[in-house]
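The structure under discussion appears below in the form of structure tokens.
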Amino acid sequence: MVGGRKRNVLKLSGEQQQRVAIACALASDASVILADESTGNLDEDTATEIIGILSECAHQMNKCVIIVTHSNELAKQVDVIFRLKKGELQQL
């Protein structure tokens, strides 16, 4: 980012910075979006809204969205779940 823009983004709250990062990912033409704990700093309502946006992006824009989370509630909202347990990747 250009100097002034970066300072302005850093003035945003954690939730606002998270929204900006997600908006940038959605605006890109990338076919895969990696979201590592994308809702970790968000309240429950906002987290649900963000997951809805990512899900819509996957289904309507034909993007692959990979979400890493520790939240079981969030995991229940996705199409496919993989779990890493004792170093082994399991599909649930």
Side-chain angles (χ1 to χ4, degrees):
M1 281 189 183
V2 178
R5 289 183 189 164
K6 185 174 183 180
R7 284 191 297 273
N8 288 335
V9 169
L10 294 177
K11 290 180 183 177
L12 300 174
S13 70
E15 180 177 321
Q16 291 169 326
Q17 288 180 32
Q18 193 80 324
R19 286 176 178 250
V20 168
I22 291 168
C24 289
L26 295 175
S28 78
D29 63 350
S31 58
V32 177
I33 296 175
L34 301 174
D36 185 11
E37 293 291 348
S38 58
T39 60
N41 294 327
L42 305 178
D43 62 76
E44 186 176 329
D45 291 337
T46 304
T48 299
E49 179 183 345
I50 294 299
I51 294 309
I53 291 168
L54 290 172
S55 176
E56 181 179 319
C57 181
H59 294 124
Q60 293 182 4
M61 300 173 75
N62 200 30
K63 293 185 183 259
C64 175
V65 179
I66 300 170
I67 300 171
V68 176
T69 186
H70 288 93
S71 168
N72 290 328
E73 290 304 312
L74 173 58
K76 291 176 185 176
Q77 300 177 49
V78 302
D79 296 331
V80 179
I81 300 173
F82 289 94
R83 175 174 47 188
L84 188 60
K85 186 173 183 177
K86 296 183 179 179
E88 184 178 319
L89 189 62
Q90 305 170 336
Q91 182 175 357
L92 303 179

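Worth knowing before you read on, the calculation uses all heavy atoms, side chains too, and leaves out hydrogens, waters and symmetry mates. Please read all numbers here as calculations on a predicted model, not as lab measurements.
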Residues in side-chain contact (heavy atoms from CB on, under 4.5 Å) contact with A58, at least two apart in sequence or another chain: V65

Side chain Q16, main chain S13, donor-acceptor under 3.5 Å: yes

Look at the side-chain heavy atoms of Ile, Leu, Val, Met, Phe, Trp and Tyr, link any pair under 4.5 Å apart, and say whether V78 and L92 land in one connected group. yes

For K86, enumerate each residue passing the side chain to side chain donor-acceptor pair (under 3.5 Å) test, keeping only those at least two apart in sequence or located in another chain. none

4.5 Å side-chain heavy-atom contact, I67 and I51: yes

Which donor-acceptor pairs under 3.5 Å do side chains of residues 26-37 form with protein atoms, sequence neighbours excluded?
| from | atom 1 | to | atom 2 | distance (Å) |
| --- | --- | --- | --- | --- |
| S28 | OG | A25 | O | 2.9 |
| S28 | OG | A30 | N | 3.3 |
| E37 | OE2 | H70 | N | 3.1 |
| E37 | OE2 | H70 | ND1 | 2.5 |

Quick one: salt bridge (charged side-chain N to carboxylate O under 4.0 Å, His left out) pairs with a partner in residues 56-65, sequence neighbours left out? none

ILVMFWY clustering at 4.5 Å (side-chain atoms), partners of V80: F82, L89

Hits for side chain to side chain donor-acceptor pair (under 3.5 Å) against S55, two or more places apart or cross-chain, chain-then-number order -> H59

Nearest 0.5 Å, please: how far is CD1 in I81 from CG in L74? 9.0 Å

